[in-house]
Peer 1: 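Quick one: the structure is below, questions incoming.
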Amino acid sequence: MPCNQNETRLPTEDPQMTWDDATWILTSSFIIFTMQSGFGLLEAGCVSAKNEVNIMVKNAVDVVFGGITYWAFGYGLTFGQGKYANAFCGVGSFLLDSENEKEMGIVYSTFIFQLSFATTATTIVSGAMAERTKLTAYILYSLTNTWVYCVSAHWLWVDGGFLRDLGVVDIAGSGGVHVLGAVSALVAAVMLGPRQGKYDGGKLDPPGNPTNSLIGMFMLWWGWLGFNCGSTFGISGGKWILAAKSAVTTITASMGGGVSGMLFSWIINKRKFVVTDLVNSVLTSLVSVTAGCAVIRPWEAILSGSLAAILSFIVNPIFKYFKVDDPVGAFAVHGIGGIWGMIVVGLFADIDPIEDVTRGRAGLFHGGGVYLLGVQILALVCIAAWSAMCSIILLSIIKKAVGLRMSSEDEILGADYTEHGLVKFDNGIDIKQNKSRRRSSFGFQVFHVN
Amino acid sequence: MPCNQNETRLPTEDPQMTWDDATWILTSSFIIFTMQSGFGLLEAGCVSAKNEVNIMVKNAVDVVFGGITYWAFGYGLTFGQGKYANAFCGVGSFLLDSENEKEMGIVYSTFIFQLSFATTATTIVSGAMAERTKLTAYILYSLTNTWVYCVSAHWLWVDGGFLRDLGVVDIAGSGGVHVLGAVSALVAAVMLGPRQGKYDGGKLDPPGNPTNSLIGMFMLWWGWLGFNCGSTFGISGGKWILAAKSAVTTITASMGGGVSGMLFSWIINKRKFVVTDLVNSVLTSLVSVTAGCAVIRPWEAILSGSLAAILSFIVNPIFKYFKVDDPVGAFAVHGIGGIWGMIVVGLFADIDPIEDVTRGRAGLFHGGGVYLLGVQILALVCIAAWSAMCSIILLSIIKKAVGLRMSSEDEILGADYTEHGLVKFDNGIDIKQNKSRRRSSFGFQVFHVN
Amino acid sequence: MNNTTLIPVVTTKAQAMSWDDATWILTSSFIIFTMQSGFGLLEAGCVSAKNEVNIMVKNAVDVVFGGITYWAYGYGLSFGDGEYSNAFVGVGQFLVDGDESSDIGQIYSTFIFQLSFATTATTIVSGAMAERTKLTAYVIFSFLNTVVYCIPAHWIWASNGFLKTLGVVDIAGSGGVHLLGAVSAIVAAMLLGPRRGRYDSQNKKQLGNPTNALVGMFMLWWGWLGFNCGSTFGISGGKWILAAKSAVTTINASVGGGVAGLIYSFIVNKKKFMIEDLVNSILGSLVSITASCAIVRPWESIVIGAIGALFVVSFCPLLDRLKIDDPVGAFAVHGIGGIWGMIAVGIFGDDDKIERITDGRSGLTHGGGFYLLGVQVLAIVCIVGWSGSISFILLYLINRTIGLRLSPEEEDLGSDIVEHDINTVSRYLDGCQLQVNEQMTVRRSSFGIIRR
């Protein structure tokens with residue numbers, strides 16, 4: 001930064017951003033976008049092989065259709081500062097454009113960063129809807145789902161939003177991204193009903209590719225560093241210290257979660273380390289540190305991450321009892337992790353003398369009393385209610401209009417064939433009796449429907 | 001960069017960090033963490049399909065269990081500045097936490113950066129132990145292995161460490177990361193003995209997936225840029241120039257290595273380009289430039305990278321003679337590359353007028369005499385001896401306690417089944433004769449052993 | 001507080017780089033290099049399984065052999081500022097070594113950034129040559145092909161290049177990287193001829209591994225943000241504003257392209273969303289915005305992306321009708337997308353008040369008249385002419401000396417076995433090759449690879 005410039009560019013003098021902040025924000029956004037690849041691979045590895053390509057396409061659809069609506073009205077609903085903006089939602093800046101050179105940089109940086117958040121929130125839902133949802137229905141859902149995220153983001157992160165004014169702390173979105181997405185995911189899973197073969201005594205195709213799930217987990221893990229550290233939204237002043245602290249708490253939380261999750265899995269699965277348990281416990285612990293990454297200590301992160309990982313194990317038996325089918329464990333990871341993450345802030349947050357992230361408040365264990373905890377719980381209730389309500393409305397409308405669920409035959413054939421015309425090579429078929437099929441050694445072939 | 005602040009924050013005035021440095025260090029650490037994905041894919045592609053998932057899990061275990069011990073005592077052994085800190089190891093800063101706002105940023109940045117290094121050193125070992133090691137034994141090893149890395153890191157990189165005081169130059173860890181890891185890997189491979197079928201006249205399952213190996217190589221390649229350039233540990237002052245230089249020498253070294261490795265492979269393999277040769281030669285050349293990236297010239301990097309790649313070819317016949325089984329070539333890549341990399345500094349290093357990385361010394365070919373070369377060789381001897389000794393002790397204890405090697409049946413079945421309950425679908429078997437198997441079109445199934 | 005020593009390069013030039021710029025340039029280059037992984041996966045997913053490993057190796061060859069020649073002479077031909085440097089070609093700084101120069105930081109930063117561009121341009125070609133090219137021929141081509149990229153790069157981006165002097169705007173290389181690579185690609189595809197059996201039957205060939213193709217697309221997508229935003233080549237002054245703007249226009253273009261491509265595919269393919277269409281439309285729209293990322297508005301970028309995507313996906317069948325076999329659609333994506341991207345500058349480009357990228361000129365819709373559009377078209381003609389003719393000469397010479405194409409038997413076997421001794425085929429060709437015995441003793445491989 002050239003020091004011999006006009007003082008007005010300096011962050012400590014003026015809230016304006018410098019290019020140092022821009023470097024940080026843009027780099028973080030680019031890293032966060034790589035999490036889409038991670039989510040895609042994770043989900044593709046969890047579903048059966050006949051839906052693998054389709055779930056990847058759904059992750060692209062999130063960005064494409066979710067992105068266009070975010071540009072059209074999403075950003076405006078969150079950050080719009082028009083005269084009708086209120087405590088509930090922003091108004092203004094629709095069809096985002098900026099001509100004013102002074103604010104252009106800030107507007108565009110905020111947009112790209114927030115877009116990477118918004119697409120993450122919708123991606124969470126795709127996993128819970130896997131293997132049985134029509135792609136057209138999912139596209140419509142991606143188009144409309146944006147406003148669910150945007151309104152609650154206004155509550156949490158924009159000055160004037162009602163939760164923010166109460167003092168809620170959700171640094172990188174345990175509540176605003178993960179709980180929000182997870183509740184939508186749960187609603188979608190319940191409305192769709194379980195996959196054929198899941199709870200009706202039949203047989204379900206097994207998950208396709210654990211290696212891909214693990215690669216997806218790895219990509220998400222490193223992307224999460226960008227997610228949490230980038231949420232300082234700048235690097236100048238004392239923000240770099242918080243960014244460094246966030247990196248440490250994020251990684252230590254994931255270690256705590258990984259250790260406890262693996263041990264727990266080893267114990268309950270009779271000395272086997274189940275891969276999905278490892279993946280889910282690491283990711284749950286990452287979700288749980290997302291709200292408080294800059295305001296808790298490293299050892300607190302280890303503790304809360306470990307607890308989050310173990311808490312996530314309770315979802316499976318409950319879902320089994322209620323016959324809810326969440327193929328990739330979206331609610332276990334993002335819902336349980338997110339709820340616990342918001343509560344962690346109310347328990348462990350400390351006053352932050354550097355950037356005053358908590359606005360002078362501390363959590364229960366640091367002598368701040370129950371106020372912050374109460375606000376965090378209020379935020380959880382508001383987010384969950386909002387997300388559930390909107391999702392029920394949206395999905396009901398889509399169900400009426402085009403239908404949510406594939407036909408039974410389509411579901412058995414798999415979405416890769418029915419939506420994309422791809423046919424996997426079926427190992428159970430005797431090749432010599434199927435001369436008309438062109439073979440491919442990697443499991444795909446052209447299929448001629450007779 | 002805070003212009004209107006106290007002068008003491010400015011890098012040229014004072015060694016303290018600014019947020020510009022923090023941006024660089026944090027971004028580099030995030031990039032280095034992506035190398036875990038690369039190592040995972042590389043190793044998963046090299047082992048047979050029945051151990052593919054297991055080796056990915058081992059890479060997650062490295063981070064999770066290695067990370068938690070690094071937090072608990074590893075950082076303190078390297079960087080602790082308590083009153084008992086000495087030339088051999090640091091003491092202090094255990095269970096890392098920081099309350100002091102002035103040093104919090106530096107401590108946390110250093111921790112996250114060094115953690116990414118430490119996890120790399122342990123990951124190297126996992127490849128050499130592939131396909132025959134119990135996962136529980138590996139977890140115990142990951143937990144304890146941390147201190148092997150941390151103590152020698154103190155020698156090399158902390159003021160007061162005895163090798164550093166002698167003037168050793170190992171910028172990004174050819175010795176401290178790669179030779180250290182490779183010697184542990186060699187010890188582990190020898191103690192475990194070869195896989196069944198490797199040297200006993202039987203047949204070994206073929207490597208599973210060369211495509212994955214190549215993707216892994218690509219990820220490591222780009223991650224290495226963050227690894228070497230980030231090791232300037234800052235960007236302010238003249239460091240940015242060294243970072244740019246490191247990027248150029250790193251990439252040119254890999255080109256030299258790739259060219260010579262491919263040509264050599266083509267010649268000795270009768271006009272075939274063997275994929276593992278390509279992968280190993282690129283990676284070996286990257287290891288070889290790691291120690292000297294900022295102090296050698298681009299053409300010297302090409303030369304030393306080419307030599308490193310060719311040197312790595314001699315390991316295979318030697319290992320074959322002694323019946324040492326290193327499934328992914330960990331010693332060839334990291335050991336030979338690392339040893340040569342340390343020597344390269346002694347030969348090619350030049351006085352660095354910008355940040356004085358070599359502390360005024362030059363290598364043999366730049367008129368600095370043999371002093372630097374001698375110190376580099378001394379460092380190699382110390383690191384190798386330390387790593388070998390510690391690994392023998394640790395692995396012997398683990399062997400006594402829980403046993404290192406899988407049972408013979410488990411090894412034939414593969415770790416994916418025995419450790420994680422996953423069974424790959426066997427395409428060659430007529431399914432109708434194996435009703436008990438549930439099919440999956442992409443190669444996984446649940447298998448019931450009768 | 002105006003201590004000038006704080007600025008790292010004591011200014012010899014007006015716009016010296018600071019370490020802030022270096023952070024940006026280096027980080028961007030690292031991100032751009034990850035696009036090689038993306039190209040590799042995309043192409044590996046598009047070809048049949050018997051050539052999957054080979055195409056990944058080709059992507060490594062690009063970097064290794066293309067890189068070494070870029071170091072030796074490529075950088076010098078583009079950016080050399082020796083005394084013989086002229087409007088057509090740079091001269092100087094061969095065998096890049098920042099020794100005697102005072103601004104070595106700048107040289108090294110520029111080199112690493114430009115190298116990541118140069119390797120991208122050659123990688124484009126590998127896709128069009130897939131499944132039928134000898135690897136040795138490809139190695140030699142990579143070695144020589146650098147010259148094709150470096151000279152137009154001088155025209156477009158070096159301060160004394162003749163197109164630059166005329167005022168061409170190609171911020172991150174719609175023309176200089178993508179169109180250039182695409183023209184080489186189509187020349188190669190025509191010289192090689194179609195793959196065996198490609199146009200024999202009505203069968204439409206399916207992607208070998210659509211999941212990999214999509215993962216590759218994702219990697220390219222995020223890498224593209226580094227590609228376009230990094231092309232501000234710095235972050236200080238007003239550049240950070242343009243970088244942020246470029247990020248928004250890049251992502252918006254891809255969003256527009258994806259929407260247009262999916263709708264097109266849904267209509268044309270009878271309610272199916274074809275993977276090829278999705279991949280090609282998103283990548284095509286990204287190529288389209290590459291030239292103009294910092295000087296168009298967000299809504300214009302959506303339009304540019306959508307039109308680019310429609311051009312690309314509707315062009316693909318046309319090429320097949322001409323029996324030009326381009327296995328991964330390299331020409332459609334990079335060529336058609338690149339041409340449209342260059343033209344889009346002439347139509348939608350606006351004079352930015354921040355860094356004056358367009359030298360004060362504007363495109364057609366912003367009242368700048370036809371001048372900019374004319375220059376852009378001239379640039380397209382020059383690039384196509386140069387890349388087409390030089391690639392043809394190089395490939396023709398290679399074809400005459402060692403031959404470009406695999407023998408028919410080798411092509412049927414696949415490059416993985418022929419070039420690398422890896423047999424991916426046997427499992428499905430005849431399952432009985434595998435020896436079955438009682439327990440789990442079949443030699444298994446879930447991914448289909450066994451070594452003979």
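What you see is a predicted model; the values in this text were computed from it and never measured. Note: hydrogens, waters and symmetry copies are ignored here, and every other heavy atom, side chains too, is used. The chains referred to below are lettered A, B, ... by the order of the sequence lines, with proteins before strands, and numbering in each begins at 1.
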Peer 1: Quick one: do Val63(A) and Trp221(C) satisfy side chain to side chain contact (heavy atoms under 4.5 Å, CB included)? Show the steps, please.
Peer 2: CA-CA 11 Å; Val63(A) 182; Trp221(C) 204 344; 3.7 Å; yes
Peer 1: Given heavy-atom pairs under 4.5 angstrom as the criterion, report whether the side chain, backbone, both or neither of Ala213(C) touches chain A.
Peer 2: neither
Peer 1: Among Ser37(A), Gly67(A), Ser29(A), Ala22(A), who wins on heavy-atom pairs under 4.5 Å with chain C?
Peer 2: Ser37(A)
Peer 1: Walk me through whether Thr23(A) and Asp20(C) qualify under side chain to side chain contact (heavy atoms under 4.5 Å, CB included).
Peer 2: CA-CA 8 Å; Thr23(A) 303; Asp20(C) 289 330; 5.8 Å; no
Peer 1: Sort out for me which of Asp352(C), Asp350(C), Leu225(C) touches chain A most, counting heavy-atom pairs under 4.5 Å.
Peer 2: Leu225(C)
Peer 1: Between His420(A) (side chain only) and Phe273(C) (backbone N and O only), is there a donor and an acceptor less than 3.5 Å apart?
Peer 2: yes
Peer 1: Does Lys272(C) qualify as a cation-pi partner of Tyr417(A), given the criterion of NZ or CZ under 6.0 Å from the six-membered ring centre and within 45 degrees of its axis?
Peer 2: yes
Peer 1: Please classify the contact between Thr418(A) and chain C as side chain, backbone, both or neither, with a heavy-atom cut-off of under 4.5 Å.
Peer 2: backbone
Peer 1: For chain A, which candidate among Ile251(C), Thr250(C), Asp277(C), Val255(C) shows the most heavy-atom pairs at distances under 4.5 Å?
Peer 2: Val255(C)
Peer 1: Can you tell which part of Leu278(C) gets under 4.5 Å to a heavy atom of chain A, answering side chain, backbone, both or neither?
Peer 2: side chain
Peer 1: With respect to chain C, which residue among Ala60(A), Gly66(A), Ala44(A) yields the maximal number of heavy-atom pairs within a distance under 4.5 Å?
Peer 2: Ala60(A)
Peer 1: Relative to chain C, which segment of Ile31(A) carries a heavy atom at a distance below 4.5 Å: side chain, backbone, both, or neither?
Peer 2: neither
Peer 1: Below 30° counts as parallel, above 60° as perpendicular, anything between as tilted: where do the rings of Phe33(A) and Trp222(C) land?
Peer 2: parallel
Peer 1: If I measure from the heavy atoms of chain C, does Asn59(A) come under 4.5 Å with its side chain, its backbone, both, or neither?
Peer 2: both
Peer 1: Grab the two heavy atoms, one from Cys229(C) and one from Phe30(A), that are nearest each other, plus how far apart they are.
Peer 2: SG-CZ, 3.6 Å
Peer 1: Decide yes or no for Phe111(A) and Pro298(C): does some side-chain heavy atom of the first lie under 4.5 Å from some side-chain heavy atom of the second?
Peer 2: no
Peer 1: Taking the side chain as every heavy atom from C-beta outward, state whether Phe218(C) and Leu41(A) have any pair of such atoms under 4.5 Å apart.
Peer 2: no
Peer 1: Heavy-atom distance under 4.5 Å to chain C: side chain of Leu95(A), backbone, both or neither?
Peer 2: neither
Peer 1: Taking atom CD1 of Ile275(C) and atom CG of Asn54(A), what is their separation to the nearest 0.5 Å?
Peer 2: 8.0 Å
Peer 1: Closest approach of Ala244(C) and Gly105(A), non-hydrogen atoms and distance?
Peer 2: CB-O, 3.9 Å
Peer 1: For residues Trp19(A) and Asp21(C), determine if any side-chain heavy atom of one lies less than 4.5 Å from a side-chain heavy atom of the other.
Peer 2: no
Peer 1: Heavy atoms only, distances under 4.5 angstrom: which of Met104(A), Met219(A), Met56(A), Gln36(A) has the most pairs with chain C? Name it, please.
Peer 2: Met56(A)
Peer 1: Measure the spacing between CG of Asp20(A) and CD1 of Ile235(C) and express it to the nearest 0.5 Å.
Peer 2: 9.0 Å
Peer 1: What residue, out of Ile25(A), Val61(A), Leu135(A), has the most heavy-atom pairs lying under 4.5 Å from chain C?
Peer 2: Leu135(A)
Peer 1: Nearest 0.5 Å please: distance from the CD1 atom of Ile106(A) over to the CH2 atom of Trp240(C).
Peer 2: 5.0 Å
Peer 1: Considering only heavy atoms, which portion of Ile55(A) lies under 4.5 Å from any heavy atom of chain C: side chain, backbone, both, or neither?
Peer 2: neither
Peer 1: According to ring-ring contact (aromatic ring centres under 6.0 Å, His included), does anything in residues 38-60 of chain A pair up with another residue at least two apart or in another chain? List the pairs.
Peer 2: Phe39(A)-His334(A)
Peer 1: Quick check for you: among Thr27(C), Asn252(C), Leu262(C), which has the greatest number of heavy-atom pairs under 4.5 Å with chain A?
Peer 2: Asn252(C)
Peer 1: What is the minimum heavy-atom distance between Gly258(C) and Val64(A), and which atoms define it?
Peer 2: C-CG1, 3.6 Å
Peer 1: Could you check whether Glu99(A) pairs with Arg297(C) (Lys NZ or Arg NE/NH1/NH2 to Asp/Glu carboxylate O, under 4.0 Å)?
Peer 2: yes
Peer 1: Check whether Ile282(C) gets within reach of chain A through its side chain, its backbone, both or neither, counting any heavy atom under 4.5 Å.
Peer 2: side chain
Peer 1: Kindly indicate, with the supporting measurements, whether the criterion side chain to side chain contact (heavy atoms under 4.5 Å, CB included) is fulfilled by Asp97(A) and Trp299(C).
Peer 2: CA-CA 7 Å; Asp97(A) 198 354; Trp299(C) 74 265; 3.9 Å; yes
